[in-house]
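Here is how names work: the chains are called A, B, and so on, in the same order as the sequence lines, proteins then strands, and each is numbered from 1.
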Amino acid sequence: MLQLTVLREQTDQVVAGLTKRNYKNAAREVAGLLQLDQQRRQVQNEHDELQSKANNISKEIGMLLKNGEREKAEAYKAETAVLKQQTKTLAEQLSAIEDTMQQALYKLPNIPHESVPAGRTAEDNEIVLQHGEIPQLSEGALPHWELIQKYDIIDFELGNKITGAGFPVYKKQGARLQRALINFFLDEAIKAGYMEVQPPILVNEASGYGTGQLPDKDGQMYHATADDLYLIPTAEVPITNLYRDVIVPVAELPIKNAGHTPCFRREAGSWGADVRGLNRLHQFDKVEIVQITLPEKSYETLEQMSSYIQSLLQKLELPYRVLRLCGGDMSFTSALTYDMEVYSAAQGRWLEVSSASNFETYQASRLKLRYKTESGKTQLLHTLNGSALALPRIVAAILENNQTPDGINMPKVLHPYLGFEKIG
RNA sequence: AGAGAGUUGGCGGAGUGGUCGAUCGCGGCGGUCUUGAAAACCGUUGACUGUAACAGGUCCGGGGGUUCGAAUCCCUCACUCUCUGCCA
């Protein structure tokens, strides 16, 4: 969530930032908020003043009663009745204003970093770099949804039967490949200094607000209404929320956590050829890395995370490219996002397999995630996260890119994890 | 799921209607002492809001109520613990 002090002190930058994201009526929204803020402070002032008076009278009454001056005390009581009524009215006004402001603030997305390109759609994203050779497949190469049938390693029909579309069943070498990737990713993360965590995959509403999925993406999460819990769309939610309401000792920074979880996405409104096979699922596995850093370190950290994610793709021998997302394509909460895409040779498409973002203080302000400066001031930290990596599209690319007439060759780095070198 | 107990500052733990934002202990920080450290002793140590800075206001699980006044009384919700039940 954007902070009011920032809105107040850097109004022009905020409006410019929102506009870069194609946020409509940015100037008007911000002006409205500032006006409310003004109002709020005025009402609060009046309220506090009356409250202060009332507090003093109460103390006075206490003293009088102690001294047995009952009549004087009664006179004072009468006086407070009016005060009380006025205070109550002001308090109601105040909380109404605060509610309105809160709602408005929840609707404002993060301000993009200056390096974020302007633009509306994925077309406008900037290609930062491309790495690796695009594989040339021989005649008769198959897309992954046919390969998985041919080798009987992932079964969509069975998933349909027991759950529904978008919930595949991994079998045999397919299941083994899942497990290998998860272990590989976690081992690499630990080597890179991340602490492994296994968080719950159901979270409460407060957690959803903390990382910004609520109220913005309400319809995208599965909601277990009987207990009012949400299935996580990413491990970012529980892992970052571990630090909700925490003032972190500076010595413990940066915090580096990694965790594997299943992720659940309703993908309401998604359709078309793009969603075939493993391209888009309701449930998938992902290893997520999360960092919490000092504000002045966060962009350096984002570059590190980006390099780390790229190192995984290199080890898996997948051709990839890195995109800097434009203002219109970035997620609500992000200030700067890099997407990593692998080339899926049989489909002839780039598939997003990771997204690494710096949220600056946007999540931290909702989370009340802070540290103390040397001068003793509490200040918001910066949060970052990235997929390292999401499995299904990695699997799709591995299957398609490495297919041969006699089977699918597995990347060398996975051999010890797999116990086999080839599918088929 | 049934019965009972509980939820207070980083932690432990007082406080049952009136200068209580909260006794005390531990921990943390600063100091005295010491070659250094420990011990001991002294001091200090919550967050939010607000202000140019003071002042002021709010916060004792969440919400609501009673009262001139609530951490303390009442209602309600959530969570935790113990016993019983069920269960990987």
Whole angstrom is fine here: how far is it from [atom1] in [X] over to [atom2] in [N]?
{"X": "A:Leu90", "N": "B:G56", "atom1": "CG", "atom2": "C1'", "value": "15 Å"}
{"X": "A:His47", "N": "B:U58", "atom1": "NE2", "atom2": "C1'", "value": "9 Å"}
{"X": "A:Gln102", "N": "B:U49", "atom1": "CD", "atom2": "C1'", "value": "14 Å"}

Could you tell me whether [X] contacts a base, only the sugar-phosphate backbone, or nothing, with contacts defined as non-hydrogen atoms closer than 4.0 Å?
{"X": "A:Leu83", "answer": "nothing"}
{"X": "A:Ile57", "answer": "nothing"}
{"X": "A:Lys372", "answer": "sugar-phosphate"}
{"X": "A:Gln44", "answer": "sugar-phosphate"}

Could you check which of [options] has an atom nearest any side-chain atom of [X]?
{"X": "A:Arg370", "options": "B:A47, B:U49, B:U58", "answer": "B:A47"}
{"X": "A:Ile61", "options": "B:G50, B:G18, B:U58", "answer": "B:G18"}
{"X": "A:Gln51", "options": "B:U51, B:U58, B:C68", "answer": "B:U58"}
{"X": "A:Asn45", "options": "B:C48, B:G57, B:G50", "answer": "B:G50"}

Salt-bridge criterion met for A:Arg265 and A:Glu267 (N-O under 4.0 Å):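 Salt bridge between A:Arg265 and A:Glu267, a charged N being under 4.0 Å from a carboxylate O: no.
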Please work out whether the ring planes of A:Tyr362 and A:Phe332 are parallel, tilted or perpendicular, with thresholds of 30° and 60°.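 A:Tyr362 vs A:Phe332 ring planes: perpendicular.
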Do the ring planes of A:Tyr222 and A:His282 sit parallel (below 30°), tilted (30 to 60°) or perpendicular (above 60°)?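 Correct class here is perpendicular.
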Closest-nucleotide ordering on RNA chain B, the 5'-leading residue of A:Arg40 and A:Ile247: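 Mapping each residue to its closest nucleotide by heavy atoms, the 5'-most match is A:Ile247.
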Whichever of A:Thr378 and A:Tyr76 has its nearest RNA chain B nucleotide further upstream toward 5':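 Nearer the 5' end of the strand: A:Thr378.
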For A:Phe359 versus A:Leu384, what's the shortest heavy-atom pair and its separation?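 Of all heavy-atom pairs spanning A:Phe359 and A:Leu384, the closest is CD1-CA, 4.1 Å.
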Is there a Watson-Crick or G-U wobble partner for B:G9 with both distances under 3.5 Å, and which nucleotide is it?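 Pairing partner: none.
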Quick one: is B:G69 close enough that its OP1 or OP2 comes under 4.0 Å of any side-chain N or O from A:Asn55?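 So the side chain of A:Asn55 is outside the cut-off, no N or O lying under 4.0 Å from OP1 or OP2 of B:G69.
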